[in-house]
There are 2 protein chains.
Amino acid sequence: MAERDGTDDSVGAFVPGPRATCAGAPEGPLAGLGFAVKDLYDIAGWPTGYGNPDWERTHPVAAGTAPVVQMLLQAGASLRGKTRTVELAYGLTGENVWQGTPLNPRAPDRFPGGSSCGSAAAVAAGLVDFALGSDTGGSVRIPASYCGVYGIRPSWGAVSLAGACGLGPSFDTAGWFAARAGLLARVGAVLLPEDAAPGQHPGPLLKPEEPWVNADPSTALALGEAMEALQGLLGPALSIGLAPEGLPAFYEHFRNAQAAEAWATLGSWVAATRPRFGPGVAERFAAARDMDPARAAAGRDFRRQVAARLRALLAGGAVLAYPTSPAPAPRLEASQAEQNAVRERSMGVTAIAGFAGLCEVSLPVAEAAGAPVGLSLVAAPGRDRALLALAERLAGALGLPV
Amino acid sequence: MAERDGTDDSVGAFVPGPRATCAGAPEGPLAGLGFAVKDLYDIAGWPTGYGNPDWERTHPVAAGTAPVVQMLLQAGASLRGKTRTVELAYGLTGENVWQGTPLNPRAPDRFPGGSSCGSAAAVAAGLVDFALGSDTGGSVRIPASYCGVYGIRPSWGAVSLAGACGLGPSFDTAGWFAARAGLLARVGAVLLPEDAAPGQHPGPLLKPEEPWVNADPSTALALGEAMEALQGLLGPALSIGLAPEGLPAFYEHFRNAQAAEAWATLGSWVAATRPRFGPGVAERFAAARDMDPARAAAGRDFRRQVAARLRALLAGGAVLAYPTSPAPAPRLEASQAEQNAVRERSMGVTAIAGFAGLCEVSLPVAEAAGAPVGLSLVAAPGRDRALLALAERLAGALGLPV
């Protein structure tokens with residue numbers, strides 16, 4: 001494995017082979033920092049592998065660099081390499097059978113989470129200061145929770161995905177990881193537009209019942225101290241039932257709506273190329289291909305209703321807080337059936353922000369069973385900067401380095 | 001009792017004595033309708049009695065007519081007389097020992113509710129088409145619920161209280177009653193400013209746990225059909241804990257903040273005049289006089305926090321729904337202690353809109369124990385017209401005459 005810039009790769013976070021690197025501008029708000037980029041963003045002169053050898057083989061080397069990466073370089077950060085991703089970003093464990101699954105530095109016997117597995121692992125191992133990922137159905141949030149780092153899924157549309165491979169365009173977002181809340185916000189200051197309502201104070205704090213009930217009791221318990229600190233900042237949490245239809249319905253409709261988009265986006269390539277896929281990914285694309293259009297339409301209808309509900313509820317500044325993942329990462333020996341069960345249970349919750357284009361920050365504030373679990377703060381679209389500032393305040397209140 | 005305009009007064013709704021009447025403009029959106037006005041609004045040439053003989057004795061006959069009354073007259077409605085009120089509007093049963101307590105036409109063995117008792121009774125008995133009241137801590141909503149009529153407490157500040165006696169200026173609102181939702185809205189079209197966000201759809205529907213738990217089970221059950229119909233209009237209700245501090249704390253802080261304002265507004269008159277007061281009213285003014293300033297300040301602090309919480313939660317269009325009163329009207333033979341218990345239990349709920357200046361419409365959609373109980377719809381300040389339109393849609397969905 002080439003290590004042209006001296007960055008090691010003790011955890012298998014980077015794409016194997018020669019390392020795509022690029023020095024940042026000499027000055028700027030991120031000067032001196034090193035970052036990595038999930039291998040679905042284009043870097044001029046380098047292949048964009050999208051986690052799958054047949055994708056890389058059938059696509060030309062990138063002619064340009066994705067604008068989001070250019071913004072980071074112009075802000076002074078230096079690119080240290082491209083990171084591994086689940087194939088076509090279509091999975092939450094972080095497994096990649098072609099390149100090897102990155103190690104979860106905080107829990108080596110467990111999955112790192114995906115699909116932005118390499119970016120999360122690179123940050124968790126301290127190989128880079130921050131890393132770009134992408135999030136359609138949880139692909140930043142889940143690995144952030146599993147690897148014990150901060151991660152943000154920004155409001156849908158807030159950060160450009162030009163020059164990035166798509167999976168479900170109406171759900172896809174750029175996102176990033178950092179080991180500290182302050183740096184997560186500093187990157188946001190470079191990438192994010194100004195907030196829609198910059199003077200608005202965050203609050204009230206809403207505690208949705210379903211994701212808390214959905215979580216392992218030990219995970220919910222472990223997040224109690226952070227919830228206490230959050231109430232110190234925002235006032236008493238108001239318990240709310242956000243999903244009277246049930247999280248399984250959230251999962252089902254999200255999966256169906258997303259699968260239809262995935263096939264619309266990638267189906268022609270899959271059908272023409274007949275790529276080799278690792279376990280799980282192949283099944284998901286087969287299901288996407290065979291998706292009943294009526295079920296996909298029902299998913300989109302459900303999404304519209306839930307999105308309207310959530311956006312109205314959060315329009316005045318309310319902040320949701322709940323476990324990012326219902327439990328720590330599954331163990332590496334988990335069966336495909338166990339992984340699928342975790343996937344369903346996780347995506348019912350990640351669908352909340354996914355359906356409505358909300359911004360969500362996961363904070364690595366606790367451990368359960370000796371492995372990291374994150375607390376998510378979620379706000380209305382366009383409140384990303386306020387949310388990052390709140391995450392920083394919460395980290396400070398908890399005595400974490402910011 | 002004079003009946004100069006031919007309107008009878010079978011229920012003792014009007015102020016005894018010669019009847020203040022005034023013909024409305026020949027044309028206008030309310031042409032042909034008759035209305036009554038709570039005897040705390042000025043009508044030029046008539047005394048403003050405020051429910052207490054010593055008040056009337058020590059105040060001059062009104063030189064002008066309150067603008068809200070002028071607006072109604074100009075819109076074509078004709079004034080049929082002034083209605084009885086609890087003394088200085090400081091009570092919720094509707095009792096007036098000097099003039100007689102108006103009969104509750106829908107439940108003659110029960111109180112009519114107050115303080116706008118005469119206006120509610122006049123509408124419930126069909127003596128007038130609509131009637132003006134005022135609402136500080138429930139004085140429109142409670143009698144609307146008890147008498148089985150529609151009533152609105154508008155957003156604080158939405159309708160002028162010039163020419164009206166005050167009780168707690170930061171809580172006082174004008175309000176009105178009608179027997180049908182359509183007419184309640186027609187009056188609103190005359191009196192209310194345009195909504196703050198006229199294109200906004202109402203929703204989601206929020207069902208606050210505390211007022212439902214606070215209600216008698218039979219009252220909560222009786223309102224179930226209306227809640228079903230409301231969900232048909234707004235989608236599934238989201239259960240929410242709005243008052244983690246507890247409704248008793250809402251009552252306590254509301255009472256203290258209101259009492260301090262009541263004494264600031266009326267204390268100098270009370271101290272100088274030493275008026276005779278009926279039972280309950282005397283005690284409330286004594287308590288207002290003796291209110292510990294620190295407790296009043298704590299009440300104002302609490303109010304600020306709760307108001308910020310509620311306004312943020314409702315800013316995007318969310319609508320609260322809960323029982324207007326926890327039970328039907330208390331029976332006429334209820335002891336003062338029983339009345340006080342009802343008062344505490346009711347005002348913890350009415351404080352929700354009171355603290356935050358929200359608009360609230362009570363709809364006479366059910367009966368419990370053979371007497372009326374109302375369902376309240378509550379929205380953010382400035383959404384009065386949308387709320388009235390929603391009330392009309394709900395009445396229609398329930399098959400009520402609109």
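To find a chain, count down the sequence lines: A is the first, B the second, and so on, and within it residues start at 1.
- Ranked by non-hydrogen atom pairs under 4.5 Å with chain B, the options A/A243, A/A380, A/A312, A/A318 are led by A/A312.
- For chain A, the nearby part of B/L206 is the side chain; its heavy atoms alone come within less than 4.5 Å.
- Put simply, of B/R311, B/K207, B/R309, the one with the most heavy-atom pairs under 4.5 Å next to chain A is B/R309.
- Proximity to chain B (any heavy atom under 4.5 Å) is restricted, for A/E209, to the side chain, taken from C-beta onward.
- Top candidate by heavy-atom pairs under 4.5 Å with chain B, chosen from A/A315, A/A237, A/P236, is A/P236.
- Using a 4.5 Å cut-off between heavy atoms, B/Q305 does not touch chain A at all.
- Counting heavy atoms of neighbouring residues, nucleotides and ligands inside a 6.0 Å radius, atom CD of A/E225 does not exceed 12 of them.
- There is no contact between A/L310 and chain B, counting heavy-atom distances below 4.5 Å.
- Of all the heavy atoms in B/P244 and A/L238, the pair that sits closest is CD-CD2, 3.4 Å.
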